[in-house]
Amino acid sequence: DTESAGTVTVFAAASLTDAFTEIGDAFTVEHPDTTVVFNFSGSSALVTQIVEGAPADVFASADPSNMTKLTDADANATEPVVFTTNLAAIVVAPGNPTGITGVADLATDDLIVVQCAPEVPCGRYAAQVFENAGVSVSPKSLEENVKAVVTKVTLGEADAGIVYVTDVIAAGADAEAVEIPAAVNVVAEYPIAVTAGAPNPDAAGAFVDFVLSDRGQTILTSYGFVEP
Amino acid sequence: MTRARPRGRRVGLPVPVLVLACVAIVFFALPLVGLLWRTPWADAWTYLADDDVLTALRLSLVCSLWATALSLVFGVPLAWLLARVEFAGRGIVRALCTLSMVLPPVVGGVALFAALGRRGLVGEYLDRWFGITLPFTTAGVVVAQTFVAMPFLVITVESALRQLDTRFDDASRTLGATRWYTFRRVTLPAIRPALVAGAVLSWARALGEFGATITFAGNFPGTTQTMPLAVYLSLETNTDEAIVLALVLITISFAVLIGLRDHWFGRPDRLQGTATA
Amino acid sequence: MTRARPRGRRVGLPVPVLVLACVAIVFFALPLVGLLWRTPWADAWTYLADDDVLTALRLSLVCSLWATALSLVFGVPLAWLLARVEFAGRGIVRALCTLSMVLPPVVGGVALFAALGRRGLVGEYLDRWFGITLPFTTAGVVVAQTFVAMPFLVITVESALRQLDTRFDDASRTLGATRWYTFRRVTLPAIRPALVAGAVLSWARALGEFGATITFAGNFPGTTQTMPLAVYLSLETNTDEAIVLALVLITISFAVLIGLRDHWFGRPDRLQGTATA
Amino acid sequence: MTLTADIALTLGTLDLRVDIEVAPGELLALLGPNGAGKSTVLRCLAGLAPLREGSVVIDGEVVDDPAADVFVEPEHRQVGVVFQNYLLFDHMSVLENVAFGLRARRTPRADARRIAYDWLDRVGLAEYAGQRPRVLSGGQAQRAALARALATNPRLLLLDEPLAALDAGTRGAVRRDLRQHLATFDGMRVLVTHDPVDAYALADRVAILDAGRLVQVGTFAEVTAHPRSRYVADLVGVNLVSGVVADGALMTPGGATVVIADALPGPAFAVIRPTSITIDRHSPVGSSVRNTWPGVVADVDRLGDRVRVGIDGALPLTAEITVAALESLALRPGDNVVAAVKATDIECYPA
Amino acid sequence: MTLTADIALTLGTLDLRVDIEVAPGELLALLGPNGAGKSTVLRCLAGLAPLREGSVVIDGEVVDDPAADVFVEPEHRQVGVVFQNYLLFDHMSVLENVAFGLRARRTPRADARRIAYDWLDRVGLAEYAGQRPRVLSGGQAQRAALARALATNPRLLLLDEPLAALDAGTRGAVRRDLRQHLATFDGMRVLVTHDPVDAYALADRVAILDAGRLVQVGTFAEVTAHPRSRYVADLVGVNLVSGVVADGALMTPGGATVVIADALPGPAFAVIRPTSITIDRHSPVGSSVRNTWPGVVADVDRLGDRVRVGIDGALPLTAEITVAALESLALRPGDNVVAAVKATDIECYPA
Ligand SMILES: Nc1ncnc2c1ncn2[C@@H]1O[C@H](COP(=O)(O)OP(=O)(O)OP(=O)(O)O)[C@@H](O)[C@H]1O
Ligand SMILES: Nc1ncnc2c1ncn2[C@@H]1O[C@H](COP(=O)(O)OP(=O)(O)OP(=O)(O)O)[C@@H](O)[C@H]1O
Ligand SMILES: [Mg+2]
Ligand SMILES: [Mg+2]
């Protein structure tokens with residue numbers, strides 16, 4: 001555990017909003033001299049900002065490819081570490097009114113299925129899941145992020161979608177998850193790194209350590225993330 | 001003699017005003033120059049050759065033109081109502097019109113769902129009785145774009161109507177023209193600058209519309225993926241491609257706006273000195 | 001006698017127009033009603049009591065008012081230039097102004113980075129020479145909002161200026177008023193409806209601005225997290241909270257717009273019949 | 001078939017109560033000072049200002065009657081209006097302006113343009129047919145507006161100072177033209193004018209409007225013979241005195257006494273012609289002149305070989321004297337003088 | 001110190017070339033038909049229409065001279081203008097309108113309002129001080145515009161038909177007022193008017209403008225005594241014939257011959273007074289009348305006890321006869337008649 005003080009600015013993927021907010025609170029209990037400031041946004045927007053010189057100390061990405069963009073730009077100070085993972089799941093309306101039991105059930109035109117666009121990680125994962133399961137699904141829409149998929153299902157506009165487990169948990173009573181068997185599922189990795197231009201590298205290191213610590217991992221797990 | 005200044009230098013505007021205007025121009029020009037500066041010209045062509053891009057472009061143009069047309073058809077009457085009829089709740093109606101400008105983009109889509117979605121207030125019956133579903137269709141894109149674009153038309157046209165001298169309407173009606181004929185032949189031509197400005201604003205807004213569209217209509221190449229969505233998604237993987245695609249959008253709107261010529265924005269700066277009121 | 005109709009029923013507009021206007025009103029009202037219908041009224045208060053929400057709200061108001069003020073200060077001169085001075089490239093300047101409307105939101109942010117970012121065209125020197133950095137500051141929010149909001153003001157005011165009879169300017173100048181005094185005391189008051197409309201459009205657009213802000217200024221509570229960003233984040237976890245927050249935005253803009261009263265949008269519908277030109 | 005209007009309306013400071021009747025083929029001229037409400041009366045007839053009370057009946061058709069809840073829109077009244085400010089549509093050519101009314105009534109385009117062209121020709125604007133109204137001078141615009149109103153063949157024609165902006169040369173010609181066209185026009189016409197010559201040349205009857213009330217109606221000769229308002233007196237160029245007659249003299253509210261040859265007791269008007277007034281430095285002694293009023297010269301106004309002298313006093317008067325008389329008296333504003341008039345030169349009639 | 005203007009300008013169909021000079025304290029009236037360019041001349045003097053060629057010099061200061069590249073903005077010319085359409089600012093009260101020029105020149109608010117109020121009072125609009133101009137009637141608005149222009153104490157005052165919209169009653173009073181104020185005003189004044197009475201009553205000199213050219217300049221009497229344009233002839237009410245004199249007769253371009261008592265050979269104008277013309281059904285036989293022109297009655301126009309008869313022919317004429325003569329001849333439009341004038345009744349002067 002490194003000693004830290006001052007302000008640590010954490011750029012984190014929007015899907016980490018709740019978990020990291022709690023981690024931040026817990027972190028400040030342990031490091032009372034440190035203030036944590038978060039900037040939640042899409043991972044790619046965060047990379048853009050960091051590359052443009054944003055005063056970030058820590059970058060927590062929702063997928064390795066955006067972290068790669070950061071390392072490609074030599075904007076990282078530490079090697080990226082996968083700090084947590086997420087599993088894909090099928091999101092359906094509460095009570096599962098359409099009676100979906102697995103990925104194979106999605107391969108029908110009677111259902112409105114939405115998934116992420118191939119450009120964003122969850123879209124690639126969804127495609128991977130379908131490939132693993134050997135089904136061909138024709139989605140009605142290729143959403144720009146996971147939350148859009150969840151929102152469409154919770155609002156009843158879509159019948160099912162491929163999202164992360166954590167998203168379904170965050171949606172609470174508005175949605176329900178249909179698990180995808182481990183055999184066909186994919187694991188989404190979340191890497192974290194201290195940035196090259198970090199104004200407060202000590203505190204940044206302390207924050208990354210805290211995320212990787214048991215305390216941090218416990219909090220992440222409570223939001224449905226899976227320890228790597 | 002001291003106050004005389006050479007004619008060549010008569011700019012027509014006070015210097016401080018010119019300075020402010022130039023700052024504004026620079027403010028608008030800089031980001032474009034910045035974008036151009038960042039554009040990877042070498043690869044530009046490869047990004048553009050993509051079929052999906054052309055599809056998205058066509059869809060963007062078609063939908064934004066439809067949205068502009070719908071905005072004109074419904075927005076001009078609404079502006080007329082707001083400008084010329086005194087009724088309780090006029091302020092509320094006007095505020096309603098600006099609603100979609102204030103709504104954060106995604107919420108706009110959520111609101112459209114609540115109204116016109118499968119489970120929406122009206123959408124449910126549209127679906128059940130007429131079999132019309134808007135979400136995830138091209139029509140949905142048009143609806144979303146109209147929703148965000150129409151306010152510009154309404155507000156612009158209303159203010160022009162209020163500025164207009166209604167005595168010309170009087171003159172027209174005594175000549176036997178109904179309110180409707182008067183509106184078409186006297187009022188509308190007189191506010192043409194505002195009409196064009198409003199339509200341009202609406203069209204530009206529709207062309208650039210992103211949030212409500214992706215939420216309400218989704219993103220599917222060929223049916224609902226417009227250029228802004230394509231740009232947004234390519235930003236996820238490749239900023240360079242995104243910049244090139246954005247430049248295409250910019251080029252098109254530039255072409256249209258410059259093509260429109262000054263003429264359409266209003267009467268040419270006429271030399272005054274005549275007497276008609 | 002057949003063409004006479006009771007005075008009570010004189011609505012003032014042709015029926016088809018009224019119908020179209022009503023459709024437009026319904027179109028705007030439905031999403032709001034839908035939102036209200038979806039709002040979890042029971043939990044609303046808990047969401048609002050959040051400190052971050054209040055901070056975001058205050059920031060939104062402050063920034064959007066600044067953006068409106070800047071739009072007025074720079075946009076009105078630009079509109080004046082566009083409307084009254086004949087110069088080569090006028091069409092290009094006008095097209096430039098609508099640029100930010102066409103840019104997909106995030107690209108707007110990227111463009112601002114390219115211009116004013118720490119490594120941007122001008123931003124680099126702003127930083128090096130004056131120590132000014134705009135990205136990720138409240139000032140950056142204002143810049144982003146101004147960038148997207150000013151076009152509305154410019155276009156609206158320009159069209160009003162073009163519709164204006166310039167002979168009143170002539171009269172003013174023969175009375176010894178400089179161009180500037182004339183502009184302030186004669187031209188501006190005469191286009192007040194358009195000025196107010198343009199300012200309202202700008203303000204509403206700034207208030208709802210999301211894409212360029214989150215990209216260019218980031219999403220830091222207290223300094224750059226405006227309401228739309230807060231709404232965006234709460235959508236990540238809780239659609240209900242997002243709807244409640246959006247309603248706060250809506251309520252505020254409604255309050256302002258209705259508070260503005262008809263009066264500010266233009267002269268009251270005067271009874272005509274007098275002779276001043 | 002006639003126009004019968006009984007108008008009651010309040011607009012700002014104007015309280016209008018006017019009762020007029022115009023017979024078919026008749027032309028009524030409305031005269032009155034600025035702000036009397038003349039234009040407003042026309043607006044009521046055209047349907048541009050709904051009545052508060054009263055009624056407007058054109059050719060037997062009730063077109064406005066608040067009590068009976070009837071109101072016919074302006075476009076269905078078949079009333080042509082030539083507005084005080086022309087109000088030509090600036091986005092159309094002059095020809096299209098004139099053709100506008102015909103087009104609005106669904107006349108085929110070619111016919112409408114032909115008829116409009118004829119009208120333009122008649123008012124001498126044929127060469128401006130394709131131009132925008134903004135290039136017309138004031139008078140040209142006025143003529144175009146006239147052509148535009150006449151082209152629709154209205155049953156009632158309202159003219160709000162149609163000749164006011166015309167130049168002296170054109171004025172006579174247009175006035176003649178107008179008269180000729182109006183002669184073949186079997187509708188009713190109401191003309192607002194400031195020019196007594198127009199009223200005299202064009203009108204069958206004259207109505208004098210003052211502060212929203214009709215003060216006199218009749219033929220031009222009747223009205224000018226017995227002015228009943230300051231306005232008419234000014235028009236005719238005479239002094240009008242109102243007061244109460246008792247014992248062969250009229251007492252004015254200002255306290256002056258006007259001795260009169262013969263008059264019935266009661267409220268009355270007296271007319272004193274400026275030429276009947278003689279001016280002296282002192283009261284004439286031993287003269288047969290029965291009326292002498294002291295006063296102060298207010299202004300001296302030369303008009304050709306005549307001089308008009310304004311005299312302030314208990315009875316303000318305007319006298320007309322010759323230049324020779326002026327020179328012999330050497331009058332300057334501020335001088336004390338005595339105005340004298342023979343009782344028999346004063347005309348008096350009941351108010 | 002004078003105003004010297006040498007104006008050349010083309011605007012649409014108008015090709016303006018005018019040379020005028022106004023002495024200090026002098027009032028020049030510009031008269032001319034509609035569209036002659038009168039308003040445009042005023043715009044050039046005010047600086048609202050820059051010259052193409054020529055120069056404008058006010059009080060020795062060159063304010064416009066394209067050749068020398070000099071142009072003084074209107075606000076620095078100290079030129080007051082009363083516009084043909086009033087152009088009052090509708091968003092200010094009437095008082096603020098009048099105070100506007102003073103405020104623009106930095107007069108303190110209270111002073112400006114006081115002076116403005118005095119001016120309003122002078123034009124009889126004090127009670128409208130707080131109102132918006134839109135409630136003013138046409139004439140009231142015109143008076144307010146007059147007050148607004150005069151309140152700035154200009155060194156050159158331009159009036160574009162300032163009295164055109166005034167009613168007959170006010171007109172005389174405002175004309176008198178105007179004259180009084182103008183008498184105490186040592187600047188130059190240019191007045192555009194259509195009313196010869198205004199020109200006669202107010203102007204020191206008269207300039208007649210036609211189609212962008214000055215056709216006559218001089219005192220009112222000089223100009224009207226020898227009309228050199230159709231416009232002036234109409235104004236005065238006489239027939240003007242232009243042609244070439246040879247052998248004691250004037251040949252018109254239309255082919256008519258006018259026998260003249262005595263005239264120098266060369267281009268000339270002849271004036272034939274309508275009252276000098278006699279009309280007959282047939283050529284008078286054995287008469288001493290040297291001029292007889294056959295023609296067709298074009299129109300018959302009764303004005304009081306006189307009748308104006310328009311005659312079309314090689315020499316179009318207007319004759320004035322009595323009602324009795326009209327009735328004895330029983331003239332109708334289309335009748336063939338012969339117009340006769342004694343050679344000694346025709347005035348002829350070189351063109
Ligand atoms: N819409 C209105 N609001 C308030 N007052 C009005 C309105 N319209 C007319 N008035 C009042 O009515 C009066 C008469 O107006 P109107 O135009 O009828 O006069 P007018 O007799 O035509 O005068 P002029 O000869 O100068 O044209 C004005 O002085 C004004 O005070
Ligand atoms: N801006 C312009 N563009 C084109 N033509 C113009 C313009 N201004 C003036 N003209 C032309 O100049 C002519 C004269 O205009 P102007 O207003 O000076 O006439 P005017 O002598 O004042 O007539 P009036 O007595 O009717 O007011 C018009 O007939 C018009 O054809
Ligand atoms: Mg009037
Ligand atoms: Mg003119």
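Letters go in sequence order (proteins before strands), and every chain restarts at 1.
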Student: Using heavy-atom distances under 4.5 Å, tell me whether W37(C) contacts chain B through its side chain, its backbone, both, or neither.
Tutor: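 The answer is the side chain of W37(C).
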Student: Below 4.5 Å, heavy-atom pairs only: which of A95(C), S100(C), G34(C), G211(C) has the largest tally toward chain B?
Tutor: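 Heavy-atom pair counts peak at A95(C).
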Student: Can you name the closest pair of heavy atoms from V107(B) and V231(C) and give their distance?
Tutor: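 Where V107(B) meets V231(C) most closely, the heavy atoms are CG2-CG1, 3.1 Å.
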Student: Mind checking whether F147(B) and F27(C) have parallel, tilted or perpendicular rings, split at 30° and 60°?
Tutor: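 If you compare the ring of F147(B) with that of F27(C), the planes turn out perpendicular.
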Student: Locate the shortest heavy-atom distance separating A246(B) from L103(C); write the atom from each residue and the value.
Tutor: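 Distance-wise, the nearest heavy atoms are CB-CD2, 4.5 Å.
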Student: Could you look at V19(C) and say if it's the side chain, the backbone, both or neither that has a heavy atom under 4.5 Å from chain B?
Tutor: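 Looking at V19(C), nothing touches chain B.
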Student: Within the 4.5 Å heavy-atom criterion, are V93(C) and F28(B) side-chain neighbours or not?
Tutor: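 In short, these two side chains do not touch, never coming nearer than 4.5 Å.
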Student: Is chain B contacted by the side chain of A190(C), its backbone, both, or neither, given a heavy-atom distance below 4.5 Å?
Tutor: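 A190(C) touches chain B through backbone heavy atoms alone.
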Student: What pair of heavy atoms forms the shortest contact from L112(C) to P31(B), and how long is it?
Tutor: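 So the two residues come closest at CD2-CG, 4.0 Å.
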Student: Quick one: what part of P151(C) sits under 4.5 Å from any heavy atom of chain B, side chain, backbone, both or neither?
Tutor: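 The answer is both parts of P151(C).
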Student: Just how far is it from atom OG of S253(C) to atom CG of L99(B), taken to the nearest 0.5 Å?
Tutor: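 It is 6.5 Å, given to the nearest 0.5 Å.
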Student: With chain C, which of T156(B), V23(B), L30(B), L96(B) has the greatest number of heavy-atom pairs at distances under 4.5 Å?
Tutor: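 The candidate making the most pairs under 4.5 Å is L96(B).
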Student: What part of V17(C) is in contact with chain B, defined as an atom under 4.5 angstrom from a non-hydrogen atom: side chain, backbone, both or neither?
Tutor: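 Looking at V17(C), backbone and side chain both touch chain B.
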Student: Could you check which of A111(B), G123(B), A242(B) has the highest count of heavy-atom pairs closer than 4.5 Å to chain C?
Tutor: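 Highest number of pairs under 4.5 Å: A111(B).
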Student: So, for L201(B) and F152(C), which heavy atoms are closest and what is the spacing to 0.1 Å?
Tutor: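 Closest heavy-atom pair between L201(B) and F152(C): CD2-CD2, 4.2 Å.
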Student: If you look at every heavy atom in A24(C) and F74(B), which pair is closest and at what distance?
Tutor: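 In terms of heavy atoms, the two residues are closest at CB-O, 3.7 Å.
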Student: Less than 4.5 Å to any heavy atom of chain B: does that hold for the side chain of V33(C), its backbone, both, or neither?
Tutor: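 For V33(C), backbone and side chain are both near chain B.
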Student: By a 4.5 Å heavy-atom criterion (distance strictly below it), what part of I92(B) contacts chain C: side chain, backbone, both, or neither?
Tutor: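 Contact with chain C is through both the backbone and side chain of I92(B).
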Student: At a 4.5 Å cut-off on heavy atoms, which part of R38(C) comes close to chain B: side chain, backbone, both, or neither?
Tutor: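 Contact with chain B involves the side chain of R38(C) alone.
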Student: Using a 4.5 angstrom heavy-atom cutoff, name the option from L207(B), L36(B), V154(B), L81(B) with the most pairs to chain C.
Tutor: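 Looking at each of L207(B), L36(B), V154(B), L81(B) in turn, L81(B) comes out on top.
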Student: For residues L35(B) and A114(C), report the shortest heavy-atom separation together with the two atoms involved.
Tutor: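 Looks like N-CB, 3.9 Å.
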Student: Tell me, side chain or backbone of I243(C) under 4.5 Å from chain B's heavy atoms, or both, or neither?
Tutor: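 The side chain, not the backbone.
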Student: Heavy atoms only, distances under 4.5 angstrom: which of G120(C), P77(C), S71(C), P228(C) has the most pairs with chain B? Name it, please.
Tutor: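 Result: the option with the highest number of such pairs is P77(C).
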Student: Top residue by heavy-atom pair count (under 4.5 Å) with chain C, among V76(B), T146(B), L70(B)?
Tutor: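 The answer is T146(B).
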